[in-house]
Asks: 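Sharing a structure, written as structure tokens. Questions coming.
Each chain gets a letter, A, B and so on, in the order its sequence line appears, and its residues count up from 1.
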Amino acid sequence: MQFTAAQIALMIQGTVEGNPAAAVAGFGKIEEATADQIAFLSNPKYEEWLYQSAASIIIVNEALELKQSVSATLIRVPDAYSAFAILLSKYQEIVSQQMVGIQEPSFIAKTAKLGESIFVAAFCYVGEQVVIGNNVKLYPGVVIGDGTVIGDNVILHAGVKIYHQCVIGNRVIIHAGTVVGGDGFGFAPLADGSYSKIPQIGNVIIEDDVEIGSNTTIDRATMGSTIIHKGSKLDNLIQVAHNVEIGSNTVIAAQAGISGSAKVGNGVMIGGQVGTAGHIIIADGSKIAGQTGVTKSIKIPNKSHNGTPAQEFTSSLRMQALTRSLPEMEKRIRELEKTIQQLLADKVQG
Amino acid sequence: MQFTAAQIALMIQGTVEGNPAAAVAGFGKIEEATADQIAFLSNPKYEEWLYQSAASIIIVNEALELKQSVSATLIRVPDAYSAFAILLSKYQEIVSQQMVGIQEPSFIAKTAKLGESIFVAAFCYVGEQVVIGNNVKLYPGVVIGDGTVIGDNVILHAGVKIYHQCVIGNRVIIHAGTVVGGDGFGFAPLADGSYSKIPQIGNVIIEDDVEIGSNTTIDRATMGSTIIHKGSKLDNLIQVAHNVEIGSNTVIAAQAGISGSAKVGNGVMIGGQVGTAGHIIIADGSKIAGQTGVTKSIKIPNKSHNGTPAQEFTSSLRMQALTRSLPEMEKRIRELEKTIQQLLADKVQG
Amino acid sequence: MQFTAAQIALMIQGTVEGNPAAAVAGFGKIEEATADQIAFLSNPKYEEWLYQSAASIIIVNEALELKQSVSATLIRVPDAYSAFAILLSKYQEIVSQQMVGIQEPSFIAKTAKLGESIFVAAFCYVGEQVVIGNNVKLYPGVVIGDGTVIGDNVILHAGVKIYHQCVIGNRVIIHAGTVVGGDGFGFAPLADGSYSKIPQIGNVIIEDDVEIGSNTTIDRATMGSTIIHKGSKLDNLIQVAHNVEIGSNTVIAAQAGISGSAKVGNGVMIGGQVGTAGHIIIADGSKIAGQTGVTKSIKIPNKSHNGTPAQEFTSSLRMQALTRSLPEMEKRIRELEKTIQQLLADKVQG
């Protein structure tokens, strides 16, 4: 796929300086690019490369004043760095739209229903009665269990595993290795100290526009559904236990863990490695700092919390300051003791 | 597979009210069910649906008094909700027993020995000299390394990866993406600051009736075995390092990490995100609260611990209370200082 | 593959006692070994097995004095235990060198370039324009995205997933289920409370001699590269966020998380479950204890830190001691109050 300087200038709203028909087929760093690539110059430190680069097209800042003649065609934009990023991103989109079709070997049950313009990479497994929407992309090794329903424009990266009977909304992105719908951690203790498994017969519902990172785990509900509402974003290696409900537009950083039946509100921000107790609620707009242990419900919305057990941010900061003043406090007590000792001695003598 | 109201009533010990020959082939919610499905009514709030539902069979509470005539056949039970759950669970069992055979493409080494009535999904990989027991189910993308031995009635979910020479007992369940038998984290520092890998030539032994969640990692021993004893249950995203030994009927919640050569006793409960130092022991019956950092051995059995470094629960609670009383203590010191100041001033004046 | 006692003695620098032509094809425990296996005796407690074992060759300590005649051929070495380990390790190397070829079914894009003597297991996926060096081993289910470059002598274990355009150096080992190059966690908040995805167009660079554990996640940079420098070792379930840079010969234990754009120095040791804030630096030679929360840059090299927020080890130990002395401090305040009370009462009476 080739693009001309004129086409690219249109895509990034720039001005061509040189040959508008100059054409490239890929991206390169200015110091390494070949004749069929486009490069950019943002940092003036590397300006010398502009005059030596083999790239046919180079994106530069509007403000740049040339010190020598340049063989490449230039595209001038307000910010060369971000224009290059936008271009890369648009290119990825175009490439991705061209990824269509079913690679072999793949396993697609006869009772599965597939939408239009989907891409199924080799080694994907689509179970019985699965429904997949339009423009869905399944990267290599994706496994979709029986009866699961996937919306439109969903991207499941390599090795994503979704168990049976789950529901995935539209425009959901799930990164590699994430597991959706594994059994919740439910066991009933028996008299002899052993445990009996409680069947986990619910499912997981992930609503529209949710993005989930790599190697995260979201367990199916014991009964009913574990739900992640519209627009929420989860990072890598997060644990979402059975029957958890996460509100809309909530953001959870890596390695956080939400225990069973906890209910996280809308617009919440949860830092990395946070843990919550089960069966609690976290009010809308709460901000939980990294490594916090939330042991009780947070009922007042829009407050910041940290520490284990979690406290509101201001009282926790005051407590930290006091803890840090412990050596000073101990010294003050010692001095008081000395003074009293002296007073008592004086009194006896007196 | 169709079931009649009479058959279902037998399975959940209920009483048929209507046509015992009414038959269904699947499950539905009362408000959405079609004529070939069974539904249930538990919450009286939804009673109106009972009279409108298209479901051919509906499970209801014994106590329910009908306010209108119902077209569906009813099955009355003490608790409709749990009867429905039991039915679903029995149905899953029946369906799962029917999952037998080897799907293509799969890769099974010629020297592997396979038991009877096993299910091997597409894209599973069974290495050289692997031994697999009877009634084992391998979901898509399971990888079993050379020489590993798997017992009877084991379920390995999608993408479970077991390295070479490991031993898995009977009735073990391992959820998607979990890795068993990866190299322990062992490196010897060299004089130039770099590290040399210590070969990890041991294995992992997982005994009968153990269940392990999704994306957990259990490393092989440097020499000898990392062992998880009978009946223990591990949640998702847990780290079990090399040469760890976990007792029987011990329960470990998500994202906990057990460091190398630690020895966890029987009947222990470990909360989410707990971390332990290496080479320590945790006595039988210990209860470790979430996010605790166990830095030393816990030698007295049946005690509760929390905090980092871990303390017995009562002393840790007292410490938390005292920490919270710091502002009060500081105030008391200030007042003492004032009084003494006054006393001294009086004395000088006196 | 058979080895004689003479050959084995050469490999472990031992002395043969018995028939140098005695040959074995595998390893066994002394109490279970069959005639075609080699075993070892290290612990004198098990010496009786020496006289009963069916093993054809047994490795023993130089110092051992026989109490009966032995049918097996002996190989005497200074330390039988470590000699057996070395032998196993050398054997694994030989076996592994014999793993060569491409198993079917696998998916290798036509534009991929493969080095010599590589092993590609069944169900591996090699994308467009991927470059793979010599002596590389891909275990089952490895996925390599378009344009990624892999050096020589690399081992990628089962189910490793590397996204597009990443760079992996020589002699890198990555364990099962690890994900390299997933999108960084970058979202721009919009006025309506929802989030818009920031394209992650950078990559991941992993330099020579790095080893990474199982189910770890290393995100690609927003722009530029997430970099792990030469010789560093990462354990299981670690999170490395976008644009992080990790120095040379740095060791990170399981479940640690390094936030976006943090820069970890050379020769750093990071304990399990440590978390760091984003955009900080950690100086060369720092030692960070398990579960520490590093909230600010650590600028002085070669210091130990722990706690959340992280403190230098000595001040943190002093603080812990003081916190533990809180009950004592409270008592001292109470006594001071009593004494003063008495003094004041005396004064009034006086």
Asks: Please classify the contact of Ile252(B) with chain A as side chain, backbone, both or neither, using a heavy-atom distance under 4.5 Å.
Replies: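 Just the backbone, heavy atoms under 4.5 Å.
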Asks: Measure Gln255(B) against the heavy atoms of chain A and call it side chain, backbone, both or neither at under 4.5 Å.
Replies: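 Only the side chain of Gln255(B) comes within 4.5 Å of chain A.
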Asks: Would you mind telling me which of Asp219(A), Ile340(A), Thr295(A), Asp192(A) has the largest number of heavy-atom pairs within less than 4.5 Å of chain B?
Replies: Asp219(A)
Asks: In terms of heavy-atom proximity below 4.5 Å to chain B, should Ala256(A) be classed as side chain, backbone, both, or neither?
Replies: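 Answer is backbone: N, CA, C or O of Ala256(A) sit under 4.5 Å from chain B.
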Asks: Between CD1 of Ile173(B) and NZ of Lys197(A), what distance do you get to the nearest 0.5 Å?
Replies: 5.0 Å
Asks: In terms of heavy-atom proximity below 4.5 Å to chain A, should Tyr81(B) be classed as side chain, backbone, both, or neither?
Replies: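 Both backbone and side chain.
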Asks: Go through the atoms of Glu335(A) and report whether side chain, backbone, both or neither lie under 4.5 Å from a heavy atom of chain B.
Replies: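 Neither part; nothing is under 4.5 Å.
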Asks: Looking only at non-hydrogen atoms, find the nearest pair between Ser214(B) and Tyr163(A) and report the distance.
Replies: OG-OH, 4.4 Å
Asks: Which members of residues 270-281 of chain A, sorted by number, sit under 4.5 angstrom from chain B on a heavy-atom basis?
Replies: Gln273(A), Val274(A), Gly275(A)
Asks: Heavy-atom distance under 4.5 Å to chain A: side chain of Pro140(B), backbone, both or neither?
Replies: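 Both parts, heavy atoms under 4.5 Å.
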Asks: Could you tell me which portion of Thr222(A) (side chain, backbone, both or neither) has an atom closer than 4.5 angstrom to a non-hydrogen atom of chain B?
Replies: neither
Asks: Which answer fits Ser196(A), side chain, backbone, both or neither, if we ask what part of it has an atom under 4.5 Å from a heavy atom of chain B?
Replies: neither
Asks: At a heavy-atom separation under 4.5 Å, does Ile333(B) approach chain A through its side chain, its backbone, both, or neither?
Replies: both
Asks: Check whether Thr339(A) gets within reach of chain B through its side chain, its backbone, both or neither, counting any heavy atom under 4.5 Å.
Replies: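 When you check distances to chain B, only side chain atoms of Thr339(A) fall under 4.5 Å.
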Asks: Is chain B contacted by the side chain of Leu326(A), its backbone, both, or neither, given a heavy-atom distance below 4.5 Å?
Replies: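 When you check distances to chain B, only side chain atoms of Leu326(A) fall under 4.5 Å.
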Asks: Please confirm whether the backbone N or O of Gln239(A) pairs with a side-chain atom of Asn236(B), one donor and one acceptor, at under 3.5 Å?
Replies: no
Asks: May I ask you to check whether Tyr195(A) and Glu211(B) show a side-chain donor-acceptor distance below 3.5 Å?
Replies: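 Tyr195(A) vs Glu211(B): no donor-acceptor pair found between side chains.
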